[in-house]
Amino acid sequence: MSLEEKTAWETVMRVVYPIKDAEQTLPLYAIDWTRPHVVETTLDSRIDMRRLEFGSMNQSTLQRIMRHAGSSAGVSCDSFTVLNRNTIALKNHGHMSGCTFFNAFPASYWRRWTSVKMVRFTADIQGNAKINVFRSTGRGLMYPVAEKVVRSPQAVERVTVDIPMTGLMDGGYFWFDAESLEGEVIISEAVWSVPQNARTASKLTTMSIAITTFNRASYCMNQLRAIAGAKELRKRLDTVYCTDQGNDLVKNQQGYTQIAEDLGAQLTYIQQANLGGSGGFSRGMYETLKAKKSDFVLLLDDDAISEPESILRSIQFSDYTVRPVLVGGGMFHLDNRTMLYTQGERINARRMWMHPSKGLGYNHDFSVEPLRDSPERHQRIDEDFNGWWMCLIPTVVLEKIGLSLPVFIKFDDIEYGLRAKKAGFPTVCLPGVAVWHQAWHDKDPARSWEEYFTERNRWLAALVTYPEARPNMLVEALYGDASLGLRFVYSAMALHHMALRDILRGPQYIVDCLPTKLGEVRELRAKYPDAQAKDSFEDYPEPSGETDSPRNHPSTMKSRYKAAVGLIAKSFIKVDPSKAKNPDAAIPAQDAAWTWLAFDRVNSALVTTPDGNGVAWLKRDNRLFRRNMIEGYRLTRKIMRNWKRLSAQYRAHNISSVETWRHIFEGK
């Protein structure tokens, strides 16, 4: 028997197709073949180093021009039909490509994080077909690997191609294309496999899944239903810990009994007080460690839509990594299912804020720019953290670095990723692994209670992550306060200062206030006019005028800063908000979010809420603005002066330890 015949191969990635919502998601799985377009920048990266000046053109205009001028209006999926989860039928002379997010094999990631040296592609073909296997580099250049012609209209013929893992350090994928030479062609059971002797796990590993929910019972039911129906995944599943923190309970939903019976011992339902996302996910981590059965715990958002195959791929990848890593999933928009919001993020240590890895940016639509025509997407990227919409964590990591910070919500996932990385456990956001989740474009945290937790936990994460080299957060804090004040969102300024005072109160207070802080935050915010929204414009006087959207007048950062200085100067003009008889204008939530420019020439305005269900009358109060700016400066300076002491205090307290969480959960 030859060495080749002795090698045992394990499937680590099955080629799958969507059954549900296929009309919205199919371009992520398979697309019609088109001739690849190699842009000049792929061949010479120096071209992208030249700066272009577009004057007053804004980004939306540029993108619109590029779409209309391009040679393609987007991908199509007309040459094939999905028959089932693992099978498609190519139409007569149809030609499809598997160079897609969910079905292209992320070879460079396997090259970087595992010891695998060879990958095998296999597929069952019935009909007259040509199968081409391709590879790419980190530049996005594509090369043929093998061509297989099949003449088998009456029987199934298996195609096998072995691909060496070379030339992949900077990036690259493997994928297959298929063409019907005549008649219908059935392609089924396509898989990517690797030699089993490269596996680092000595046994078949298993995972628990931690889902936390608060009054999103129907969404959580969908997650449980998807997991229950994924047979291959359940072979690797110990327990789903469903932590219910609301009063609209999952267990009371129609169909829950059937799902619970189906999952059986693979479902553990827990009810507890509302401790936020950090408390719910930490409960799943805690129970996983307590049970001592699982090798991994997967954190999964209740309101995300999962691709069950992604979950399976994450643990199969982890079985082969040369050291324990956190495996994260990308996030697609729930309201635009082919648009990838992000895949892998970094933290800017000076600003203590996140940004996309490798400068790839957010929001890539694969239905407009498919993977095969997006060379920058073929790069392998490294990350600092992954959002907890989906993240697989080895239990050895939990044992070494503990659980989440007890911070309710916001920055818990970021801090954990940074903490794990410092301990030698990097995060890998693996292509082909993702969920669909509601993105942030219809949200404005500054106009909600969430602003308190964002600000407090951002400072807390900085303190425990950077004990010596403190971030330059004084300017950031003042900028944030000014931005809020210039938009008349004085409640958010108050929440900022509440957050800074609480940081100064020390780690034990952060732990003790976990169950009650949300109520205090809501109570403080409710005192401010910007938090008192009503249901209708008819509840207010008619605006006396209107403003032009700042989106119609694109500007440079320099001019925006200049405008901000002018607006701050106006804050010394005496304005009595109680004497406003009519709003000066009505401002849409989109214009009111993130920028003060919409408030340039108004003293009060009706501003719609981000969810579109209400409207609030925001009024200029220059005296309050000045007082808040001084208070923000005072508190920020106090933290910065005492940085090393506070950092040592928080790190010594070890508030993310299993013992701390045991006390929270069990009172011990």
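All of these numbers come straight from a predicted model, not from anything done at the bench.
Closest heavy-atom contact between Met629 and Asp481: SD-CB, 3.7 Å. Annotation for Val521 and Met498: closest pair CG2-SD, 4.2 Å, computed over non-hydrogen atoms. Gly284 and Ala210 get closest at one heavy-atom pair: CA-CB, 3.7 Å. When every heavy atom of Arg346 is checked against every heavy atom of Phe385, the shortest pair comes out as O-CE2, 3.7 Å. Shortest non-hydrogen contact noted between Ile664 and Pro406 is CD1-CB, 4.1 Å.
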Item to check | side-chain contact (heavy atoms from CB on, under 4.5 Å) between Leu326 and Leu392, worked out | outcome: CA-CA 6 Å; Leu326 284 66; Leu392 184 77; over 6 Å; no
Checklist entry - Stepwise, does the ring pair (Phe, Tyr, Trp, His ring centres under 6.0 Å) test hold for Phe408 with Phe453? => result CA-CA 8 Å; Phe408 200 79; Phe453 293 101; 5.1 Å; yes
Item to check | CA sep, side-chain torsions, deciding dist, call: Arg112, Ser108, side-chain contact (heavy atoms from CB on, under 4.5 Å) | outcome: CA-CA 6 Å; Arg112 167 66 178 86; Ser108 64; over 6 Å; no
Next on the checklist: The test is side-chain contact (heavy atoms from CB on, under 4.5 Å); show your working for Met473 and Arg458 and say whether it passes.
Outcome noted: CA-CA 10 Å; Met473 295 178 70; Arg458 179 186 180 198; 4.0 Å; yes
Item to check | Pair Phe296-Leu398, side-chain contact (heavy atoms from CB on, under 4.5 Å): steps then yes or no | outcome: CA-CA 9 Å; Phe296 304 91; Leu398 304 181; over 6 Å; no
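Side chain to side chain, Gln508 and His653 meet the donor-acceptor criterion of an N or O pair below 3.5 Å. Counted by atom type alone, Arg447 and Ser491 present zero donor-acceptor pairs between their side chains at under 3.5 Å. Side-chain atoms of Thr338 and Asp365 form a donor-acceptor pair, as typed in the model, at a separation below 3.5 Å. Counted by atom type alone, Ser657 and Thr660 present one or more donor-acceptor pairs between their side chains at under 3.5 Å. If you check the side chains of Gln245 and Thr213, you find no donor sitting under 3.5 Å from an acceptor.
With ring centers used as reference points, Tyr241 lies 6.0 Å or more from Tyr286. A ring-centre distance under 6.0 Å is found for Tyr341 and Tyr362. Between Trp388 and Tyr416, the gap from one ring centroid to the other is short of 6.0 Å.
Residues Arg456 and Leu495 form no side-chain contact, since every pair of their non-hydrogen atoms from C-beta on lies 4.5 Å or further apart. With contacts defined as side-chain heavy-atom distances shorter than 4.5 Å, the pair Phe101/Glu307 does not qualify. Using a 4.5 Å cut-off on side-chain heavy atoms (C-beta onward), Val407 and Leu460 make contact. Using a 4.5 Å heavy-atom cutoff, the side chains of Met390 and Met331 are not in contact. Counting only heavy atoms from C-beta outward, the side chains of Lys638 and Leu504 approach each other to under 4.5 Å.
Phe488 and Phe599 have perpendicular rings, their planes meeting at more than 60° on a 0 to 90° scale where under 30° would count as parallel. The aromatic rings of Phe317 and Trp110 stand perpendicular to each other, their planes meeting at an angle above 60°, with 30° marking the opposite boundary.
Listed by first and then second residue, the side chain to side chain donor-acceptor pair (under 3.5 Å) pairs that reach into residues 390-413 are Lys410-Glu450, sequence neighbours excluded. Screening residues 496-522 for ring pair (Phe, Tyr, Trp, His ring centres under 6.0 Å) gives no qualifying pairs among residues at least two apart or on separate chains. Screening residues 623-632 for side chain to side chain donor-acceptor pair (under 3.5 Å) gives Arg501-Glu631, Glu631-Arg634 as the qualifying pairs, with residues at least two apart or on separate chains.
Residue Asn654 places its CG atom among more than 12 non-hydrogen atoms of other residues, nucleotides or ligands, all under 6.0 Å distant. Atom OH of Tyr466 is surrounded by more than 12 heavy atoms from other residues, nucleotides or ligands within 6.0 Å.
A salt bridge is absent between Arg380 and Asp170: the closest approach of a Lys/Arg side-chain nitrogen to an acidic carboxylate oxygen does not fall below 4.0 angstrom. Of the charged side-chain nitrogens involved, none lies within less than 4.0 Å of a carboxylate oxygen, so that Arg337 and Asp335 do not count as a salt-bridged pair. The residues Lys517 and Asp502 are annotated as salt-bridged, a charged nitrogen and a carboxylate oxygen being separated by less than 4.0 angstrom.
Geometrically, Arg283 engages Phe665 in a cation-pi contact defined by less than 6.0 Å to the ring centre and at most 45° from the axis.
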